[in-house]
Structures are given as C-alpha cells and as structure tokens.
Engineer: 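Here it is: the structure, laid out below.
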Amino acid sequence: MARYFTETSRTFAEYLLIPGYTGPDNIPANVSLKTPLVKFKKGEKPALSLNIPMVSAIMQSVSNDTLAIALAKEGGVSFIYGSQSIESEAAMVKKVKDYKKGFITSDSNLTPNDTLEDVVNMTARTGHRTIAITEDASPNGKLLGIVTSRDYRISRTPRDTKIKDFMTPLAKLITAPDTTTLKEANDIIWEHKLNSLPLVDKNGNLTYMVFRKDYESHKENENELLDSHKSYVVGAGINSRDYKERVPALVEAGADVLCLDSSEGYSCWQANTIKWVREKYGDKVKIGAGNVVDGEGFRFLAEAGADFVKIGIGGGSICITRETKGIGRGQATAVIDVARERDRYFEETGIYVPICSDGGIVHDYHITLALAMGADFVMLGRYFARFDESPNAKVKINGRFVKEYWGEGSNRARNWQRYDLGGKTGLTFEEGVDSYVPYAGSLKDNVELTTYKIKSTMCNCGALDLAELREKAKLTVVSSTSIVEGGAHDVTLKNGNNNQ
C-alpha cells in the first residue's frame, strides 16, 4: 500500500508571519543577511558564505556571466547555466573571475573597416559603449584605436560611415604596458581623467582593458562577494552525464561552487557524481545537489556528500512537472520538512548542510517566509530574468517591455540532461514552458529593495540575523478569505497597477 502524508501540501502564499517584539536595535541597518552557502562542522566557519541569501537559477534565460557579475556585486551568487557546451560555460565562468581583478579581456572588438552600424549593433548586444578597434577584431589583436559614444552622434553620423573615419586613433590614446599593476593603472586613469586604459604588449597587441568604473564600483558595492584573490564568487551548473569532462573544465576556469542541475535529485546518478568529485578533488571542490522535497531525500544527498541541498519540484513559475508527471510538493511544506531533517542531521553528525529553497517565490515576502521556515538561501529564476543583466531578450508587447523567460524543460532549452533517468538521450516531453516576464530594470535597484523588505520584516519579528529569525519566527496558516483581505479590496484603484 502506498505511503500517505497526512499533512496538507502548502505554498508560501498560505502562510503569514506573526510579529514579535521589536526593540530599539531592530532597525534594517542593523540586520545581517549573511548565510552559509556550503556545509561546515560545528564550531567551524563555512568555506563559502553569501552576504545576501539569494542565488540565481541554473537557466539559459537567467544566469550568464553578466548577471553573475551584477549579483556578486550585491552579495549573492549566480550558477552559470550548464545546458551549453563545456567550453562556453567555462568561458563564462572565467569572464566572471577575471572581471573583479580589474584586467578585463575586451569582448567588444571591431576593425577600422567596420561601420557605425556595426558599432550600434555591438553596443546593443553587449551593453558596452567602449569598443576596441583591432587589426582583426580579436580581443588580443593589434590595437589601432578606440570607439566610445563620444566619437559619434547617431543623429548626425551616417550608419555606413567607416569606423576609421570617427574612431579615436592609437596616436591619440593613452595606453600602458601589459606589465602595469592594477594600482598603477588606476593612478594613470585618475591622473589623465580617463574612463578606460588599454594595456598593450611589446608588439602593440591589446591584452586587457582597465576601467574607471571597476574601481568606483568597489566603493559603491560594499556588500560584494569576493574570493581570497578579490575576484567575484561564481557558481556553475553541471549534470550527471558529462561531469567527468565538465567539472575539470569549470574548476580550471575558477568556479567557486558547482551544483547538480536536476528536476529530481534523490537518485543514484547524483550520488555517483558527488562520489566521483570527492574521489578526484576531496573537499576542495564544493558541490550542491537536488532537488528534493522531503527529509528522506535530503538525508540521502547529505550522506552522499553534498555541500548544500536544493528543495523544490514543480514550484517554479515556468515548471509543469507536477502537471505532466504528478510529482512534487507544495514549496512551503517541502522547506519545513527538509529543514527539520537538516537540523536533526546536524544534531546527529555535527555537520550543518545548508538548504536552498528553489521555486515557489512569487512575492518578495515569500523569500522571508522561506528563510523563516528554515531555508538558508533561495534560488530564483523568474525574479532575475526580469533584469537588464539577464541574457534573455527584451521585447515590447502591447506597449510594454517584457523579457523572454523559458524553462530548462521546455523544447526551447532542450536540457534533457536535467531530466535524465539513465535511458535514451533527448527530451521526450516538456516539463517547462516558454513565456514572458515583465521587464523590471536593473538588478541592483531591485535587489536592494527586496533585501530591504526582508530586513524590515525581520525587524518586525525581533530578529537581527537569519538564525535568530528561524528561532523567533511565528507562522500562521491563512484562509483563502484572509488572503483576499491582505491585499487591496473593496476599493477602486486609481492606476490599476499591481505589485510584482
């Protein structure tokens, strides 16, 4: 006979927090959102922690190098999507690791014989307004000039004008040898009031670019998440098929943490992958696993050696696993169950394995609920897909800007490895959809607002850190009527806008 769970499977929307005592010290400025990313022993500190409890989903439409850099600046971590070639994923990881060092390999390059139209198209594609002009349009070709937005006027310069006719030529550029240190480069930038400084080798080939904004951004982003070499921390997704080739490439590129990307993690394939990583790298390589929805699944992965465990099946906004397979669990109930087992495992072994709530987040306050229920951090897809820095296209539909957003189980992504059951290769049926999400602007502005909301709610609960929140949180199940009562009701809204 099948085993039945008597507890109702509930979502975050079915819960509210009850306020606790708010003391004089309970103000958002005093709240810390720091949280462990990987497992650690009792009395020790984790090898990796997050400054905010937010990571981005392992998805084509969410996590590339540009989003990884933007999120690391705010204190979180992106997991570069693994449903691409090993070489391209490793290249994205390397771009993130190289970025904070200040020496940037130019990814916007053209030749003198290209046109203003090429400049406009490249700027639209990369978002970068400084374009290196090299002999062969390669990032390390012979430097011939630079083009910035100050070199042309879209309204006055014909689109077919050759770059050589309006670029700033090498003779008028200030450059420095590629042996220049970052401090020396910044001194040159400030002395000459530059926005960028090209570094060239003895043969005149471009090696790196150093930008004023990188120095300034460090001052503006005090919460940024850096490794011991002052590079941004970045994660990467892997699968249980080609891990023997993919993992070494990602480790070589500098990935700080890996994560198995699977719709269901309670499997021999995930255990085998973790075992191989441990045999080859010991504990030096950090690897998360999942997804699971109960304590039994958590314990399996914890005992297999996972550094953190992801929770959630079918709760994502673009996921239809529950529809197509009848597998899953309400996200709130899953988090509560797994958190209970995580604490029991810690008591028994002295090893704390962080848990990540993945999916089911619709509103910002759902993040706070997940943290109060026991999650150490949350993984977000739709949330980050809305921002400028995500890799998906921004389009205008019915007068409003939206961004494309598709699931890894959709025909568009064709990430069959994520749903691998050891059989044939390929995607037999879809477990995700192709959709749009409202465009929301920059990551920085939105994350700052979201984290402020989290801190504010924590103050209402009398908590100054996440451990204290879990200890003091009081939660209540709400009825369908009280959910309606909690929003604007029995009034006519003036603008008709709804909060995201």
Side-chain angles (χ1 to χ4, degrees), residues 51 65-66 68-75 91-110 112 119 122-123 126-152 163 166-234 253-254 256 389 442-444 448:
N51 289 331
D65 51 299
T66 55
I69 291 167
L71 183 51
K73 287 179 179 179
E74 302 309 313
M92 285 188 183
V93 169
K94 192 173 187 307
K95 282 184 179 180
V96 179
K97 299 308 294 184
D98 287 346
Y99 187 90
K100 188 61 190 98
K101 293 174 184 176
F103 298 104
I104 311 303
T105 299
S106 176
D107 65 354
S108 299
N109 312 286
L110 293 169
V119 171
M122 176 161 286
T123 298
T126 66
H128 299 157
R129 299 185 181 278
T130 298
I131 298 175
I133 309 305
T134 61
E135 203 167 55
D136 57 0
S138 72
N140 299 120
K142 190 174 184 64
L143 182 65
L144 301 177
I146 291 287
V147 167
T148 71
S149 57
R150 292 178 298 181
D151 292 314
Y152 58 88
I163 288 175
F166 62 86
M167 72 179 188
T168 301
L170 179 62
K172 294 184 178 180
L173 289 177
I174 294 174
T175 64
D178 60 354
T179 55
T180 303
T181 67
L182 186 57
K183 182 182 183 306
E184 291 169 341
N186 282 320
D187 288 343
I188 294 171
I189 286 173
W190 282 98
E191 180 184 350
H192 295 278
K193 300 179 180 179
L194 306 174
N195 286 323
S196 64
L197 177 69
L199 303 186
V200 296
D201 64 18
K202 60 183 180 181
N203 297 316
N205 296 315
L206 177 65
T207 52
Y208 298 106
M209 298 287 291
V210 178
F211 292 91
R212 173 193 291 262
K213 64 180 177 62
D214 289 340
Y215 177 82
E216 293 176 342
S217 70
H218 177 65
K219 300 300 182 184
E220 296 170 0
N221 299 288
E222 296 180 355
N223 218 27
E224 61 187 358
L225 197 61
L226 305 173
D227 64 18
S228 59
H229 301 290
K230 305 301 182 184
S231 293
Y232 285 132
V233 174
V234 62
D256 298 278
E389 296 84 356
S442 75
L443 179 146
K444 181 179 180 64
E448 284 183 350

Engineer: State whether the side chain of D201 and the backbone N or O of N203 hold a donor-acceptor pair below 3.5 Å, judged by distance alone.
Structural biologist: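 Present.
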Engineer: Looking only at heavy atoms, which two atoms of P139 and S106 are closest? And how far apart?
Structural biologist: CB-O, 3.1 Å
Engineer: Does any part of the side chain of L110, heavy atoms only, come nearer than 4.5 Å to the side chain of V147, both counted from C-beta?
Structural biologist: no
Engineer: Is there a donor-acceptor contact under 3.5 Å from the side chain of E389 to the main chain of L443?
Structural biologist: yes
Engineer: What closest approach, in Å, do I174 and P198 show between heavy atoms, and which atom pair accounts for it?
Structural biologist: O-CD, 3.4 Å
Engineer: Sub-3.5 Å donor-acceptor pair from the side chain of R129 to the main-chain atoms of T123, do we have one?
Structural biologist: no
Engineer: Under a 4.5 Å cut-off applied to non-hydrogen side-chain atoms, are K193 and R212 in contact?
Structural biologist: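 Side chain of K193 against side chain of R212, heavy atoms only: contact under 4.5 Å found.
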Engineer: So, applying side chain to side chain contact (heavy atoms under 4.5 Å, CB included) with L143, which one of T175, L199, N109 is it?
Structural biologist: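 Filter result, single survivor: T175.
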Engineer: Any chance you could measure E74, atom CD, to K444, atom NZ, to the nearest 0.5 Å?
Structural biologist: 4.0 Å
Engineer: Would you check, one step at a time, whether the test side chain to side chain contact (heavy atoms under 4.5 Å, CB included) holds for K142 with T134?
Structural biologist: CA-CA 5 Å; K142 190 174 184 64; T134 61; 5.9 Å; no
Engineer: Might you point out which heavy atoms bring G141 and D136 nearest each other, and give the distance in Å?
Structural biologist: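 Scanning both residues, the minimum pair turns out to be CA-OD1, 3.5 Å.
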Engineer: Could you point out which residue of T130, D107, T105, L197 forms a side chain to side chain contact (heavy atoms under 4.5 Å, CB included) with M209?
Structural biologist: T130
Engineer: If we ignore hydrogens and angles and just use 3.5 Å, is the side chain of N223 paired with the main-chain N or O of G75 as donor and acceptor?
Structural biologist: no
Engineer: Nearest 0.5 Å please: distance from the CD1 atom of I133 over to the CD1 atom of I146.
Structural biologist: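 That separation rounds to 7.0 Å.
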Engineer: Taking the side chain as C-beta and beyond, is there a heavy-atom pair between T148 and N195 under 4.5 Å?
Structural biologist: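 Counting from C-beta outward, T148 and N195 never come under 4.5 Å.
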Engineer: Atom OH of Y208 and atom CG of N140: how far apart are they, to the nearest 0.5 Å?
Structural biologist: 8.0 Å
Engineer: Is the backbone N or O of Y232 less than 3.5 Å from a side-chain atom of K73, with the two atoms forming a donor-acceptor pair by type?
Structural biologist: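 No; judged by distance alone, with no hydrogens or angles, the pair does not exist.
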Engineer: Would you call L170 and L144 a side-chain contact if the rule is heavy atoms closer than 4.5 Å?
Structural biologist: no
Engineer: Using the side chain to side chain contact (heavy atoms under 4.5 Å, CB included) criterion, which residues pair with K183? Sequence neighbours excluded.
Structural biologist: T181, D187
Engineer: Please list, chain by chain and in numerical order, all residues satisfying side chain to side chain contact (heavy atoms under 4.5 Å, CB included) with K172, sequence neighbours excluded.
Structural biologist: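 Here the qualifying residues are T168, P169.
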Engineer: Which residues pass the salt bridge (Lys or Arg N to Asp or Glu O under 4.0 Å) test with D256, sequence neighbours left out?
Structural biologist: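 Testing D256 for salt bridge (Lys or Arg N to Asp or Glu O under 4.0 Å), a comparison that skips the adjacent residues, returns K97.
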Engineer: Go through the steps to decide whether V119 and I131 satisfy the test side chain to side chain contact (heavy atoms under 4.5 Å, CB included), and finish with yes or no.
Structural biologist: CA-CA 8 Å; V119 171; I131 298 175; 3.7 Å; yes
Engineer: Over all heavy atoms of both residues, which pair between H229 and D227 is shortest? Give the atoms and the distance, please.
Structural biologist: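 That would be N-OD1, 2.8 Å.
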Engineer: Please step through side chain to side chain contact (heavy atoms under 4.5 Å, CB included) for the pair Y99 and I104, ending with a clear verdict.
Structural biologist: CA-CA 6 Å; Y99 187 90; I104 311 303; 3.9 Å; yes
